[in-house]
Number of protein chains: 4
Amino acid sequence: MARRRIDKTDAILKAAAKIFAVNGFNGAKISEIAKEAGVADGTIYLYFQNKEDILHTLFRSTLEDFVGRLKERLQQAKSPADALRIVCEHWFGFMEENVYLAHLNLVELREHISGERRKKLNEYIWPFFEIIEGIIRQGIEDGSFRPGLDIRHTRRLIFGAMDQIVASWVVSGRKYSLTALIPSTCEFIIKGLQK
Amino acid sequence: MARRRIDKTDAILKAAAKIFAVNGFNGAKISEIAKEAGVADGTIYLYFQNKEDILHTLFRSTLEDFVGRLKERLQQAKSPADALRIVCEHWFGFMEENVYLAHLNLVELREHISGERRKKLNEYIWPFFEIIEGIIRQGIEDGSFRPGLDIRHTRRLIFGAMDQIVASWVVSGRKYSLTALIPSTCEFIIKGLQK
Amino acid sequence: MARRRIDKTDAILKAAAKIFAVNGFNGAKISEIAKEAGVADGTIYLYFQNKEDILHTLFRSTLEDFVGRLKERLQQAKSPADALRIVCEHWFGFMEENVYLAHLNLVELREHISGERRKKLNEYIWPFFEIIEGIIRQGIEDGSFRPGLDIRHTRRLIFGAMDQIVASWVVSGRKYSLTALIPSTCEFIIKGLQK
Amino acid sequence: MARRRIDKTDAILKAAAKIFAVNGFNGAKISEIAKEAGVADGTIYLYFQNKEDILHTLFRSTLEDFVGRLKERLQQAKSPADALRIVCEHWFGFMEENVYLAHLNLVELREHISGERRKKLNEYIWPFFEIIEGIIRQGIEDGSFRPGLDIRHTRRLIFGAMDQIVASWVVSGRKYSLTALIPSTCEFIIKGLQK
DNA sequence: GATGAATGAGGGTTCATTCAT
DNA sequence: GATGAATGAACCCTCATTCAT
C-alpha cells in the first residue's frame, strides 16, 4: 500500500516535471499530467493539494536530493576553489540528468505569477545558495579569494554565471555537452575571485 | 494622423510595460492595459495583432533603444575592459531607469510558455549579446583577455553574472542601489577574463 | 445603451427565476440560464458578479417591488383585520403572478446551503415581516386583537399559515386557484388573533 | 449478522442526520458521513443505494417513529382541541429532541432539487398530516370547530403556523425554548378554528 | 462483508478577441 | 478610427460511485 502510494506520487511528479517543462506552469493542464502519469485527473488530488503543490513538491524534493548529494561530495574538497569546481560539476551534471528540472528552474523558479510563489520556490534553492556562500567565506578566510568580497553579491555572480550556461544550453535544445563546459566556467569564476 | 497613431502606440506600450511587469504576461489583462493606456479594449487591436504582439514590440523597441545608446557610449571606450565596464554601467543604469523592463526581462524573457515565444524574444536581445561578444573578441586580440576563451561561452558567463545581480535586485524589491554594485561586478568579470 | 443594459439584466433575471425554480439553486447551470436568456455564458458576468448574486438580486428586486405595492394598497385599510386581508390578498396574488418566485421562495429562501446565504435572503423579506408586525401592533392597540400577543411570534404564526398554503399550492402543481383560498385563510388568521 | 447489519445501518443514518443537518443534502459528503459513522466510504453502498436513499430512509424511519409515538399519546386526548395541543407538544418536543431532523425538515423537506425528490419526501410526512386532518374532522363533527372548514386547507394552516415557529427557532440558532411557545401557538390555532 | 484508492464527469468563471455601432 | 458590449472556449477541482483486494 505504502509502496503503491510512493509509486503514484513519483509517477505524477515525473509526469508533472515533463509537462511543466514543456508548457510552463500556466500552460500545463492537470488532465495532461494525469494522462502522462497514467492516472485519472481526480487521482492527482489524492496525492497533492492542487496544481501549485505539485510544483512545490517537485522543486523541494529534487533540490533536497541535489543538496544532499552535493554535501557528501564536498567532504572531499581540498580547497575552496576545488569546492567550487565540485559545485559546478554537480550542478551541471545534475541538470544533464534532470533536464526537466533544468527547464523548470529556467522557467518557473524565475517566473513571477505572484511574488508569493516565487518566494516559496526560492526557499527551496536557498540551501544550495548557502553552500556556495560558505565556500566563498572559507576562501576569503584562508586567503584563496580576495578579501573584501561581499559574500552574497559574490554568490550571485557565481550562480548567475553558471546558471546562464545552463539556460543557454536548455534554450539551444541541449545540442552540446554541458559537462564539457565545466573547466572553462570554473576558470572564469575562480579567476574572478582570486588575488 | 500618423502622429496620433504613434501617440496611441506609445501609450499602449507604456501601459503594457507596467501591467506586464506587475502581473506577468499571463496575469496581465488586455482590459487593464487598455484602461491604463486610456483607450478602449478594442482599440488595442487596431495597433497590435494580439497580446503577444504587444510583448514582442515592447521588447524590440526597448532593446533597440538600449543598444543604440550603448553603441554611442562605447565609442569612448579606451580598452576592452573599459568597454565591459560601460556595458555593465549601461545595463544596470538602464534597468534602474526601466524597472518595468527589468521585471519583464526577469520574468518573460525567461518564461517559456512556448518555445516559440522564447525564441522570438531572444532574438531581440541578440544585438546586445553581439556587442559583448565583440568586446571579448577584441580583448583577446589585443591581449587584454586570455587567449583561448570561447567567445559565446564567455559572453554567457558575463551576461549571466550581470543578469543575476539584476534579478536579485528585482526580487529583493529594489531595496538597494543597483549601480552601487557596478564596481564589484566588473572586477569579478574582468578578473575572470584576464591573464 | 442604458436601455439595453436593463433589457439584458431583466432577461437574465427572468431566465434565472425560471431555471432556479425548476432546478433549485445548486441544480441550475449558468449555461442554462444564459441559453434561456439568449445570451452567452460570459455575458451574465457582465451583469452579475456570480451565480449567487443573481439569486440575491432576484429576491431583492422582486420583494422590493412587492412591498412597495403592498404599502400603497394598505393605505386604504379600514382596520387591522382589513389590513391583514389586504396582505393575504396581495401575497397570494403576487405568488400567482410570479410563480417562479413562489417556487424560489419555497425552495431557496429556506434552503440552507450556508447560514450566510439564508441570512442575506432573509434580509430581503424583512420589510414584509415588518409590515405584518406593524399591523399586529396596531390591532392590539386599538383592541381588535388580544392583548398580550407576542408580536414576533404572532407574525410567524400568520406568515407560516399563509406560506404553507402557497407551498402546498406550488407542490400540487398549481392545479387550483390560490386566490380562492383567501377568505378561509384570513378567517383562520383573524379569528386566531381576536378576543 | 442481521444484528450487525442493523447496527451499521443505524450508525450510518445517525451520522447522515448530523452531516445533512449541518451541511444540507448537497453540501454533505459521503466521505464525511462514512467518517462520522466509523465505516469506509464504500461500506455505505452496501447498506444504501445512493446518497438520496440515505435521506429517504432517514425521513421515513424518523417520521414513522414520530407518528407511532404520537398515536399512542393521542389516545389520552379528551377533545379535538386537546388533541391539537398534544400534536403541537409532540411536534415541538420532537424537534427539540431531534434538532438534526428539524434542520432537515427545514431544509430538505422543502428543497426542490427535483420535483421527484420532494414528492417522495412528502409521502413520509403524510401520516402526520392525516392525523391532523382526522382531528379537524372530529372537531367539526362534535361541534368544537366551525362547520364548513375545508379539512385539507385547514390542516395546512395549522401545520404552516406550527412549522414556521420551528423554522424561526432553527434559524435563530435555537436560542430560546421551543416548548415554551406551545401555549401561545395552540391558542392561535384553536381560536382560529372555533365558533 | 469491508475497505478506500481510484475514477471521471461536471460546472462556475475568466478573459482574449470580435464586431456592430 | 474608436468603442466596449458580447462572445464562448478553456480549465481546475470536487465528490458520488465503483471495484480490486
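Worth knowing before you read on, the calculation uses all heavy atoms, side chains too, and leaves out hydrogens, waters and symmetry mates. Naming: A, B, ... by sequence-line order, numbering from 1 per chain. Here the structure is a predicted model, which means the values were calculated and not measured.
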*asked:* On the nucleotide E/dA2, are OP1 or OP2 found under 4.0 Å from the side-chain N or O atoms that D/K8 carries?
replied: yes

*Whole angstrom value for the distance that separates P of F/dT3 from CD1 of B/I30*: 15 Å

*Starting at atom NZ of A/K35, determine the distance to atom P of F/dC12, rounded to an integer number of angstrom.*
15 Å

*Report the residue (A/T43 or C/G42) whose heavy-atom-nearest nucleotide on DNA chain E is the more 5′ of the two.*
A/T43

*Between D/D41 (CG) and E/dA5 (C1'), how many Å, whole number?*
10 Å

_Interatomic distance where CD1 belongs to B/I33 and P belongs to E/dT17 [whole Å]_ = 11 Å

*Is there a side-chain polar atom (N or O) of A/Y45 under 4.0 Å from OP1 or OP2 of F/dC15?*
no

*Looking only at side-chain N and O atoms, does B/S31 come under 4.0 Å of OP1 or OP2 in E/dC15?*
no

*Could you give the CG-to-P distance, from A/D53 to F/dC12, as a whole number of Å?*
15 Å

*Just jot down the salt bridge (Lys or Arg N to Asp or Glu O under 4.0 Å) partners of B/E36, sequence neighbours excluded, or say none.*
B/K18

_Between E/dT17 (C1') and B/Q49 (CD): distance, integer Å_ = 13 Å

*Taking atom CD1 of A/I33 and atom OG1 of A/T43, what is their separation to the nearest 0.5 Å?*
13.0 Å

*Fill in the dot-bracket string of DNA chain E, one character per base: . for unpaired, | for a pair to another strand, ( ) or [ ] for pairs within the strand, taking Watson-Crick or G-U pairs under 3.5 Å.*
.||||||||||||||||||||

*Whole Å only: how far is the CD1 atom of B/I44 from the C1' atom of E/dC15?*
13 Å

_Nearest-0.5 Å distance that lies between atom OG1 in D/T62 and atom OH in D/Y124_ = 11.5 Å

*Interatomic distance where NZ belongs to C/K51 and C1' belongs to E/dT13 [whole Å]*: 12 Å

